[in-house]
Amino acid sequence: MDNDSFGEATGPARPPRDAITPQSTPAPRRTVQLVSGDFLLTVNPVDGSEIEPCPPGKQPGPPSRRSTTGRAERHRAAQPPVPPGPAAPRPPLLERDDVRERLVRLLGRGRSVRLTGPSGSGRTALLDAVAAECGDFAPDGVVRLNGFRRTPAELLQDLFTVVYDAPGHRPDRNALAGFVRDIGAVVVLDDLEFGGAALGELLDAAPECAFLVAATPDVPAPTADSHLEEVFLSGLGRAAALDLLRQTVNRPLTEEESNWAGDLWFESEGLPLRFVQAGALLRQCDQLRADPEAFEEFAPFAAAGGKDVPLPTLGEGAAPASLLASRLSDSARQTLRFAVALGGEVPHQAHLPALVGDTHADAALGELLSCGLLSPAGPRYRLAAGVIAQLREKGYAEDAVAHAHTAAQHYAWWAGHPSVTPERAVAEADGILAAMSALVPGREAGHPGTAVVLARGVAPVFAAGRHWAGWERVLRVGSEAARIAGEVAEEAYFHHELGVLALATGNPERARAELEASIAMRGALADKSGTVAGRRALALVADRESGPAPAEPAAAGPVSPPRGVPGLLLTKRLPRTGATDDTSVAALASPPDDPADRPAGRRAAALLGGARRNVVAAGAGALLAAVLGTVVTLGMTSDQEEPPSDNMRNGQTANEDDLDDDWTVDDPAADESDDPSKDKDDAEQPTESATPGTKPASTGGVRAPGESPSPSSSRPGRPSDSESSPKPGPRPTPTKTNTKPPTSPSQTPDPTPTGSPSPSPSGTSTGGPEDSASASESGDAALTSSAPSSSSPDVI
């Protein structure tokens, strides 16, 4: 039983709170489905998210607008928590009536205003007062947003979430623009961190809204065409500053205190925050002079026993954070150390007992708030302006990484607890990201591993909570931490999630890069299920990049198959019989490499239509006849020759190795063998430029009747007239056939892509504008060239 009580011996004793300790058994993981645009995203915390086109039955209905009561309830839920203990005095709003009335008047006319003032000038209190008077100005009421570390896209999503009720639906960019365009509200935006063109885009996205944005002077100014009214907020006057100090202390000031406050006013330029903190210093002095038992546990420091306590110096009044903290409880000082380690983010009061190690540490939040060391920032608290720098000078940043590591371990357990909703985790996003980022450099052993565990646990929660900007930041920090820790499987998971996120947000190029990296890592780890999931998402990326193919025009009558007649695969290219340009043939025979040129290629194929397919069919028939004639002729001539030697292999011709040395595949235009005067000498001796093991591209050249000789009618390595006539001497070499597969890349037939015309028998594409007569002529020429000639192979 805890002996701490609110009274001496009367009243019930305060029971101790249960310490928050991690559970030993893992909590069940939940799978959440979201619809974004035309995608259905399944957030799977175990195996990774999956994305697919949204089925027709899963498409959400149009979102409904929230009622006035619904907006009020959501606004109350988004407020910072009220700390336990006595209520802190609320600073009054002094010397702001004129500015408040001007802002209300401009907003009532539908004008947008930018309120510019330094940190600590009371901008947030003024916005609260203005928002309370503008509730009836617009049909959608007043929408309160916070722009701290938020982009324009995130603020538009927040605006949609406040006005519309759309569970399980996160609209994409196009749909979001349509929804936001119809919102009519007074948008009060605090802590804005961007200006210029970005601010103009935010205002243009919601033309029916009147914006009241508050920013510091260091934020870039809006553009000239933004039509924003500028209102500047300065410090308080001397009289108003002293009045604020009196109301904060709740008693009249002595002459010494008034003089001290006057010097402080000159030093701080009348910022209200400085006088709120100065009032806290005076209250602490009063508490030191009073009986500490009157305050029980809320007076944690010892009284001075009636001893006179001097006033703080002017320097302590201008930078009072360290002096204020020295007179607070140990739990409050530990809370400040965690806040400094997290970059100014104060953990929620529910986390303080576990982080500090005191079951009553949640009362420390009230102490800090009453001293003016905290300021609200959306649904949470942050250290007030200038406090973090003052505490770092006094050593509160020592062991900051160790405190961040403790906070990361706690957040990793807390985010996976079944009682934590995604919306609750999103409210703590900045603190979680700060704890994770402090561990990424990996100066201490085990810190990157803790960052990986935290990122692995909160990434699916942020995705389910529709905080995709925080989801992306968690994934990138987690990927870097996994790389430092050497955890390849977790790094592959983060790359996969980044690819899914990029695809869902309309960035297929980034999605392809992330998914390919994930597939490569999971392939190295033999992770079959992960590889399959990555390839499935990558196929969806390819489908999005290519886009729908245009439909071909329908023909009036029966047409050939849509992909044409497939050509026969030849082991050697037959000689070309026409003077067709190679460039134009290649352009018609192969599809364009650039995806942007594919529709043009499809239109060209559609224009050629069935005529080209008929040419392909005729060429294939001529080729079939040529091949059959060659086989019959070779069978008849083989009976007149001696059988091959016993050491020949199946499918190999006699003296094949010897003939390979005499064949060449050089360009006939550059080869000296085209000169008829050198055919005989070249036939008797091997060509010096020939590559061993290569074969000619054809067995002879043919020429159509009436056609003049051209370089394309003769090929390198063609036997001359003297070689084709019988000679006395050793046994003649059998005629070489096209049965051995090509041994060099230059002899391999060009593969015909799917949907493109098949090659003609002569090796020339039939996809050009040649008619059926030229195809028949090519087939006859091929048939003539394949038969053995007794005297001159160049004459038909």
Side-chain angles (χ1 to χ4, degrees), residues 29 31-56 58-59 170-175 452 455-456 459-460 462-464 466 468-483 487-550 590-599 601-602 751 753-755:
R29 299 299 184 96
T31 300
V32 179
Q33 285 189 340
L34 294 175
V35 176
S36 178
D38 54 351
F39 289 112
L40 176 62
L41 177 64
T42 302
V43 181
N44 189 345
V46 180
D47 300 326
S49 301
E50 297 181 2
I51 187 170
E52 59 181 337
C54 187
K58 293 288 186 178
Q59 289 289 348
R170 188 184 189 276
D172 58 358
R173 184 180 305 174
N174 297 329
V452 171
R456 192 69 167 80
F462 285 178
R466 294 177 288 183
W468 286 9
W471 184 24
E472 182 179 4
R473 289 194 287 266
V474 166
L475 292 175
R476 296 202 177 279
V477 175
S479 176
E480 180 66 15
R483 185 191 63 81
E487 301 183 15
V488 182
E490 301 298 340
E491 187 178 1
Y493 165 82
F494 293 128
H495 281 295
H496 174 83
E497 295 293 290
L498 285 171
V500 171
L501 175 60
L503 180 58
T505 53
N507 195 340
E509 294 82 4
R510 179 181 296 178
R512 174 177 292 276
E514 298 290 351
L515 289 173
E516 287 178 350
S518 175
I519 291 172
M521 293 179 181
R522 286 176 167 175
L525 297 173
D527 184 2
K528 294 183 179 180
S529 61
T531 304
V532 169
R535 293 192 181 278
R536 189 182 298 116
L538 192 59
L540 186 56
V541 172
D543 180 67
R544 291 287 166 166
E545 289 179 338
S546 61
S590 60
D593 294 334
D594 190 359
D597 298 335
R598 291 176 184 172
R602 295 191 183 100
T754 303

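What you see below is based on every heavy atom in this structure, not just the backbone, and it leaves out hydrogens, waters and symmetry mates.
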Novice: Check residues 514-522 and write down every donor-acceptor pair under 3.5 Å in which the side-chain atom is one partner and the other belongs to a residue at least two apart or another chain.
Specialist:
unit_1	atom_1	unit_2	atom_2	d
E514	OE1	H495	ND1	2.7
S518	OG	A492	O	2.9
R522	NH1	G530	O	3.2

Novice: Ignoring hydrogens, what is the shortest heavy-atom contact between F494 and S479? Give both atom names and the distance.
Specialist: CD1-N, 3.6 Å
Novice: Less than 4.5 Å apart, side chain to side chain, heavy atoms only: is that true for L41 and V35?
Specialist: no
Novice: Are the side chains of V43 and P460 in contact, using a 4.5 Å heavy-atom criterion?
Specialist: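 A side-chain contact under 4.5 Å exists here.
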Novice: Just verifying a value: how many Å separate T31 OG1 and D47 CG, rounded to the nearest 0.5 Å?
Specialist: 8.5 Å
Novice: Just list the side-chain donor-acceptor pairs under 3.5 Å for residues 499-509, sequence neighbours left out, or say none.
Specialist:
unit_1	atom_1	unit_2	atom_2	d
T505	OG1	L501	O	2.8
T505	OG1	A502	O	3.2
N507	OD1	R510	N	3.4

Novice: Can you name the nearest heavy-atom pair linking L475 to A459, along with the distance?
Specialist: CD2-CB, 3.8 Å
Novice: For residues Y493 and G48, report the shortest heavy-atom separation together with the two atoms involved.
Specialist: CE1-CA, 3.7 Å
Novice: Any donor-acceptor pair under 3.5 Å linking the side chain of R456 with the backbone of V46?
Specialist: yes
Novice: With a 4.0 Å cut-off, would you call K58 and D38 a salt bridge?
Specialist: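 Here K58 does not pair with D38 in a salt bridge, since their nearest N and O are not under 4.0 Å apart.
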Novice: Quick check: are there more than 12 heavy atoms from other residues, nucleotides or ligands sitting under 6.0 Å from CZ of R476?
Specialist: yes
Novice: If the condition is side chain to side chain contact (heavy atoms under 4.5 Å, CB included), which residues does A175 pass it with, not counting sequence neighbours?
Specialist: P171, D172, F179
Novice: Would you check if S36 and W468 make a side-chain contact, meaning some heavy-atom pair closer than 4.5 Å?
Specialist: yes
Novice: Do I51 and L40 have side-chain heavy atoms sitting under 4.5 Å apart?
Specialist: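 No, side chains not in contact.
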Novice: Evaluate side chain to side chain contact (heavy atoms under 4.5 Å, CB included) for W471 paired with E497, printing each intermediate quantity in order.
Specialist: CA-CA 9 Å; W471 184 24; E497 295 293 290; 3.4 Å; yes
Novice: Locate the shortest heavy-atom distance separating Q59 from C54; write the atom from each residue and the value.
Specialist: NE2-CB, 3.4 Å
Novice: If you measure from CZ on R466 to CZ on R170, what distance do you get to the nearest 0.5 Å?
Specialist: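 Here the rounded value is 9.0 Å.
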Novice: Can you name the closest pair of heavy atoms from G523 and T531 and give their distance?
Specialist: N-OG1, 3.8 Å
Novice: What I want to find out is whether R536 reaches E52 closely enough, with some N-O distance under 4.0 Å, to be called a salt bridge.
Specialist: no
